[in-house]
Amino acid sequence: MVNEISLLGATGSIGQQVLSVAKAHNIRVKALTAAKNKELLAKMAKEFLPFVVCISDESLYKELKSDLFGLPVKVLCGSEGLSEIAALKVDMTVNALVGMAGLNPTLEAINAGNNIALANKETLVAAGEIVMRAAMEKDIAILPIDSEHSAIFQCLLGGRSAKKIILTASGGPFFGYTTDMLKSVSREQALKHPNWEMGQKITIDSATMMNKGLELIEAMWLFGVDSSQIEIVIHRQSIVHSAVEYIDGAIIAQLGVPDMRVPIQYALSYPDRFVCEAKALSLTEIGTLTFEPPDEDTFTCLKSARKAAAFGGNAGCIINSANEEAVALFLSEKIKFLEIPTLIEGALEDIPKIKNPTLEQIFETQAATREYIKERTELKI
């Protein structure tokens with residue numbers, strides 16, 4: 001059982017649910033970070049009284065310090081502050097940051113000897129080999145918070161003779177759409193996920209199905225399997241969170257209501273289980289569970305992710321960085337929905353690929369990909 005945590009990315013959807021679990025089970029919150037949401041970070045700091053907080057936006061530092069004046073809470077800011085908190089010695093560092101911003105803090109937490117509860121899939125997509133090697137050298141556990149990867153982790157506790165991972169996907173808001181139908185979808189439509197309440201970026205990733213492509217690469221690194229051993233299955237009800245097929249043909253699945261508090265709590269309580277406030281699953285109320293293959297000809301982000309997975313190296317960083325930039329452009333209504341997969345495909349084709357990149361080369365790849373997307377979209381505009 002974890003007694004104290006540092007929480008990176010406290011004000012996002014996952015971060016807020018982590019704090020809900022921590023409060024329910026009297027887990028000490030030693031540190032909190034946020035990117036820009038000063039008001040919510042200050043409110044959290046007043047409730048949980050952590051040892052230290054950090055706001056990444058340095059322009060908000062003085063206001064946050066003023067808001068917390070008189071409290072026994074140290075206030076930091078910027079990338080240096082985030083690094084200091086990531087390296088703070090605790091039972092577990094919970095990484096709920098969004099995007100590549102989570103990579104360096106993950107490595108810093110590993111170097112500090114902290115176990116990791118990981119909601120930041122981009123860390124492993126972009127630099128899985130580097131991160132997992134560092135964790136192995138330091139004997140650090142990386143426990144997944146993603147509902148799918150938590151499900152796989154739980155299913156693999158049943159034995160060592162796994163043959164295949166079955167990664168389930170809701171299909172997002174545009175399940176059944178054709179390419180022609182996707183040409184005119186709006187930002188508002190893409191942000192209406194049928195089952196989960198999530199942040200904007202991951203909700204768009206679900207709409208393009210890139211989220212499942214990123215999860216495929218994450219699963220490869222977390223569980224030491226080849227991409228050919230991972231099957232993606234559309235499961236609209238989001239009740240079966242994922243499954244594992246064993247060599248004897250038996251399939252073990254993890255089922256539950258779509259509530260992120262369940263995988264969050266399991267990462268913090270492992271190997272024990274505790275009562276959770278999430279609604280209990282009633283199979284009779286659900287009635288029917290359906291499973292279908294994904295349409296990779298329409299949702300081509302899956303194809304790009306599989307190509308990146310097959311190549312390895314810095315290819316995961318390319319598609320992840322391209323996706324981050326493209327999604328941000330779509331959310332600001334500067335590009336159309338179908339331009340997201342087009343930009344990702346172009347980046348994967350044109351950016352130089354490296355088989356065994358260093359950490360420095362990973363960040364160089366990120367910068368080159370961002371510049372590529374910027375040039376492509378500026379030319380269009």
Side-chain angles (χ1 to χ4, degrees), residues 98-103 120-131 167 169 172 174 179 182-183 190 201-202 204-221 225-232 294-331 334-381:
V98 176
M100 280 274 286
L103 175 53
N120 175 252
K121 63 176 66 66
E122 294 87 353
T123 285
L124 294 183
V125 172
E129 184 175 1
I130 294 170
V131 172
L167 188 63
F174 302 135
T179 302
L182 290 174
K183 288 178 181 177
K201 194 266 183 182
I202 191 173
I204 301 301
D205 285 349
S206 179
T208 64
M209 291 208 65
M210 176 51 94
N211 192 47
K212 213 49 53 177
L214 300 178
E215 287 178 3
L216 179 146
I217 298 173
E218 182 184 11
M220 289 171 56
W221 291 112
V225 298
D226 188 82
S227 61
S228 62
Q229 293 175 272
I230 303 174
E231 178 186 4
I232 296 174
D295 179 0
E296 296 191 16
D297 290 327
T298 299
F299 296 91
T300 57
C301 284
L302 286 175
K303 286 186 176 181
S304 294
R306 288 196 182 278
K307 287 179 183 176
F311 182 87
N314 69 334
C317 180
I318 294 171
I319 65 163
N320 179 73
S321 300
N323 182 61
E324 286 186 19
E325 295 300 309
V327 169
L329 289 167
F330 175 72
L331 285 170
K334 293 179 179 176
I335 64 172
K336 295 181 185 268
F337 184 78
L338 282 182
E339 290 180 83
I340 298 174
T342 299
L343 288 168
I344 293 167
E345 290 166 20
L348 187 58
E349 181 69 26
D350 296 341
I351 302 293
K353 289 183 275 297
I354 306 167
K355 263 297 181 186
N356 297 293
T358 63
L359 185 61
E360 182 180 2
Q361 288 173 319
I362 289 293
F363 285 112
E364 288 172 354
T365 298
Q366 180 191 29
T369 305
R370 284 179 170 174
E371 186 61 28
Y372 173 88
I373 299 297
K374 182 180 178 183
E375 290 176 356
R376 288 283 297 269
T377 51
E378 282 181 348
L379 282 173
K380 184 187 86 66
I381 293 169

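Only heavy atoms go into these numbers, but all of them, side chains included; no hydrogens, no water, no symmetry mates.
Formation of a donor-acceptor pair under 3.5 Å by the Thr369 side chain with backbone atoms of Thr365 is found in this model. Looking only at distances, a side-chain donor or acceptor of Tyr372 sits under 3.5 Å from a matching main-chain atom of Gly346.
The shortest distance between side-chain heavy atoms of Met100 and Ile362 falls below 4.5 Å. Annotation: side chain of Trp221 is not in contact with side chain of Val131 (no heavy-atom distance under 4.5 Å). Two residues are said to be in side-chain contact when any heavy atoms from C-beta on lie closer than 4.5 Å; Glu129 and Asn356 meet this criterion. Put simply, the side chain of Ile344 reaches to within 4.5 Å of the side chain of Cys301, judged on heavy atoms. Side-chain contact between Ile217 and Asn320: absent, with no pair of heavy atoms (C-beta onward) separated by less than 4.5 Å.
With respect to the salt-bridge test (charged N to carboxylate O, under 4.0 angstrom), the residues Glu122 and Lys201 qualify. Taking a cutoff of 4.0 Å between a charged side-chain nitrogen and a carboxylate oxygen, Lys303 and Glu296 do not qualify as a salt bridge.
One finds the CD atom of Gln366 at 12.0 Å from the CG atom of Asn314 (value rounded to the nearest 0.5 Å). Of the inter-residue distances, the one linking Thr358 atom OG1 with Gln361 atom CD reads 3.5 Å to the nearest 0.5 angstrom. Here the straight-line distance linking atom CZ of Phe311 with atom OG of Ser227 works out to 13.5 Å at 0.5 Å rounding.
Counted within 6.0 Å of CD on Glu371, heavy atoms from surrounding residues, nucleotides or ligands total more than 12; the atom is thus considered enclosed.
Heavy atoms only, all atoms of each residue included: Ile340 and Ile335 are closest at CG1-CD1, 4.1 Å. For the residue pair Ile204 and Ala190, the shortest heavy atom distance occurs at CD1-CB, 3.5 Å. The two atoms that bring Ala368 and Ile351 nearest to each other are O-CD1, 3.9 Å, heavy atoms only. Here the closest heavy-atom approach between residue Ala308 and residue Leu348 is recorded as N-CD2, 4.2 Å. Across all their heavy atoms, Pro357 and Ile354 have their closest contact at CD-O, 3.7 Å. Among all heavy-atom pairs drawn from Pro352 and Ile318, the shortest one is O-CD1, 4.0 Å.
Residue pairs meeting the salt bridge (Lys or Arg N to Asp or Glu O under 4.0 Å) criterion with at least one member in residues 352-366: none, sequence neighbours excluded.
Using modelled atom types and a 3.5 Å distance limit, the side chains of Lys121 and Asn211 yield a donor-acceptor pair.
Of the residues listed (Arg370, Lys374, Arg376), the one engaging Glu325 in a salt bridge (Lys or Arg N to Asp or Glu O under 4.0 Å) is Arg370, and it is the only one.
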Chi angles and distances behind the side chain to side chain contact (heavy atoms under 4.5 Å, CB included) call for Leu216, Arg306:
CA-CA 8 Å; Leu216 179 146; Arg306 288 196 182 278; 3.4 Å; yes
Step by step, work out the side chain to side chain contact (heavy atoms under 4.5 Å, CB included) result for Leu359 and Leu103.
CA-CA 10 Å; Leu359 185 61; Leu103 175 53; 3.9 Å; yes
Set out, in order, the CA-CA distance, both residues' side-chain angles and the distance that settles side chain to side chain contact (heavy atoms under 4.5 Å, CB included) for Leu167 and Glu215, then state yes or no.
CA-CA 8 Å; Leu167 188 63; Glu215 287 178 3; 4.0 Å; yes
Test side chain to side chain contact (heavy atoms under 4.5 Å, CB included) applied to Val327 and Thr208, step by step:
CA-CA 10 Å; Val327 169; Thr208 64; 5.9 Å; no
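Phe337 meets the ring-ring contact (aromatic ring centres under 6.0 Å, His included) test with Phe174, Phe330; sequence neighbours excluded.
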